[in-house]
Amino acid sequence: MEKNIKEEDALDYVFGCTIFNDVTARDLTRKDPQFTRGKGFDTFGPLGPCIAKDIDPTNLRIVATLNGKVVQDANTNQMTFSIPFLISWISKVMTLEPGDVLAMGSPAGSCPMKSGDTVVVEVEHIGKLCNYVK
């Protein structure tokens, strides 16, 4: 269990990196009083395809395609807040435990999806995560 991690030590607490597709039904998050429905459907939140170790998460290219068309293309070094900052900040709010997954955000370009669509998220040095919208 870790709490109050210093930003300069934050990456020492990272076991590895994977891909998390934070699927969101924006129409529902805009109208519901809380995000549960908009982020909680059965096919939302796919994770994988592996845990990559010994990579620098602060400089990874992320490309997302929707039905083969690029909709997001950026690098983790372009994030508003750095990964070490976020790990440190989160550890001040809650205790981090081995196995916790921290989803750090995504590049601009999220767009509407519909049932039958295919989403592929590729992160440099990790691989590709493919999921189908239902």
Side-chain angles (χ1 to χ4, degrees):
M1 298 189 305
E2 298 298 331
K3 195 146 178 79
N4 299 313
I5 297 169
K6 293 179 183 172
E7 188 172 344
E8 59 269 21
D9 299 330
L11 295 180
D12 294 339
Y13 293 89
V14 175
F15 174 77
C17 300
T18 192
I19 302 170
F20 179 82
N21 187 357
D22 184 12
V23 180
T24 304
R26 294 270 181 233
D27 58 330
L28 297 178
T29 60
R30 286 187 185 107
K31 74 178 185 178
D32 284 2
Q34 207 275 337
F35 280 12
T36 301
R37 277 196 326 152
K39 288 193 167 281
F41 287 103
D42 289 343
T43 60
F44 287 19
L47 180 74
C50 65
I51 298 174
K53 296 175 72 173
D54 301 319
I55 63 171
D56 178 5
T58 66
N59 187 28
L60 298 173
R61 184 175 180 209
I62 303 168
V63 178
T65 61
L66 178 62
N67 300 320
K69 178 185 175 208
V70 174
V71 292
Q72 294 176 309
D73 187 352
N75 192 295
T76 56
N77 64 23
Q78 298 170 306
M79 294 172 60
T80 302
F81 298 104
S82 74
I83 291 173
F85 171 84
L86 291 169
I87 292 169
S88 176
W89 188 86
I90 291 167
S91 78
K92 291 175 179 137
V93 174
M94 63 189 73
T95 302
L96 296 176
E97 308 239 5
D100 282 349
V101 174
L102 304 180
M104 295 292 178
S106 70
S110 63
C111 56
M113 299 176 291
K114 63 186 180 316
S115 185
D117 284 348
T118 301
V119 180
V120 177
V121 181
E122 183 172 5
V123 179
E124 179 180 26
H125 304 299
I126 297 175
K128 292 182 183 181
L129 173 65
C130 180
N131 63 288
Y132 306 97
V133 180
K134 289 184 183 181

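- Using a 4.5 Å heavy-atom cutoff, the side chains of K39 and Q34 are not in contact.
- For E8, there are no side chain to side chain donor-acceptor pair (under 3.5 Å) partners, not counting sequence neighbours.
- Atom-to-atom distance recorded for L66:CG and T118:OG1 is 8.0 Å, nearest 0.5 angstrom.
- Nearest approach of T76 to N59, heavy atoms of both residues: OG1-N, 3.0 Å.
- For the side-chain contact (heavy atoms from CB on, under 4.5 Å) test, residues two or more places apart in sequence or in another chain that qualify with A103 are F20.
- In terms of hydrophobic clustering, with Ile, Leu, Val, Met, Phe, Trp and Tyr side chains grouped at heavy-atom distances under 4.5 Å, I19 and V63 are assigned to different clusters.
- Judged as a side chain to side chain donor-acceptor pair (under 3.5 Å), and not counting sequence neighbours, K3 has no contacts.
- Within the 4.5 Å cutoff, the side chain of V119 has heavy atoms near those of the V133 side chain.
- The salt bridge (charged side-chain N to carboxylate O under 4.0 Å, His left out) pairs that include a residue from residues 63-82 are R61-D73, where partners are two or more places apart or lie in different chains.
- Side-chain atoms of T18 never come within 3.5 Å of backbone atoms of I51 as a donor-acceptor pair (strictly under, hydrogens ignored).
- Linking Ile, Leu, Val, Met, Phe, Trp and Tyr residues whenever their side-chain heavy atoms come within less than 4.5 Å places V93 and V14 in a single cluster.
- For the side chain to side chain donor-acceptor pair (under 3.5 Å) test, residues two or more places apart in sequence or in another chain that qualify with D117 are N67, K114.
- Side-chain contact between I62 and S106: absent, with no pair of heavy atoms (C-beta onward) separated by less than 4.5 Å.
- V123 and L86 are assigned to two separate hydrophobic clusters, defined by single-linkage of ILVMFWY side chains at heavy-atom distances under 4.5 Å.
- A search for side-chain contact (heavy atoms from CB on, under 4.5 Å) contacts involving I90 returns M94, L96, L102, not counting sequence neighbours.
- Sorted by first and then second residue, the ring-ring contact (aromatic ring centres under 6.0 Å, His included) pairs with a member in residues 37-73 read F41-F44; sequence neighbours excluded.
- Identified under the ring-ring contact (aromatic ring centres under 6.0 Å, His included) test for residues 55-84, with sequence neighbours left out: F81-F85.
- Among residues two or more places apart in sequence or in another chain, the side-chain contact (heavy atoms from CB on, under 4.5 Å) test is passed with P84 by E7, A10, L11, T58, S82.
- By the side-chain contact (heavy atoms from CB on, under 4.5 Å) test, T29 is found to be paired with T24, R26, F35, residues two or more places apart in sequence or in another chain being considered.
- Taking the side chain as every heavy atom from C-beta outward, D27 and P112 never approach each other to under 4.5 Å.
- Panel note: side chain T95, backbone M1; no donor-acceptor pair is recorded below 3.5 Å.
- Put simply, CE on M104 and CD1 on I83 are 6.0 Å apart, with the number rounded to the nearest 0.5 Å.
- For the atom pair CD1 (I126) and CG (L60), the distance works out to 5.5 Å, reported to the nearest 0.5 Å.
- Among residues at least two apart or in separate chains, there is no salt bridge (charged side-chain N to carboxylate O under 4.0 Å, His left out) pair with a member in residues 84-107.
- Annotation for D54: atom CG does not count as buried by contact number, only 12 or fewer foreign heavy atoms lying within 6.0 Å.
- Pairs passing the side chain to side chain donor-acceptor pair (under 3.5 Å) check and including a residue from residues 124-134, sequence neighbours excluded, read N21-N131.
- The main-chain N or O of P107 is found under 3.5 Å from a side-chain atom of Q72 such that the two form a donor-acceptor pair.
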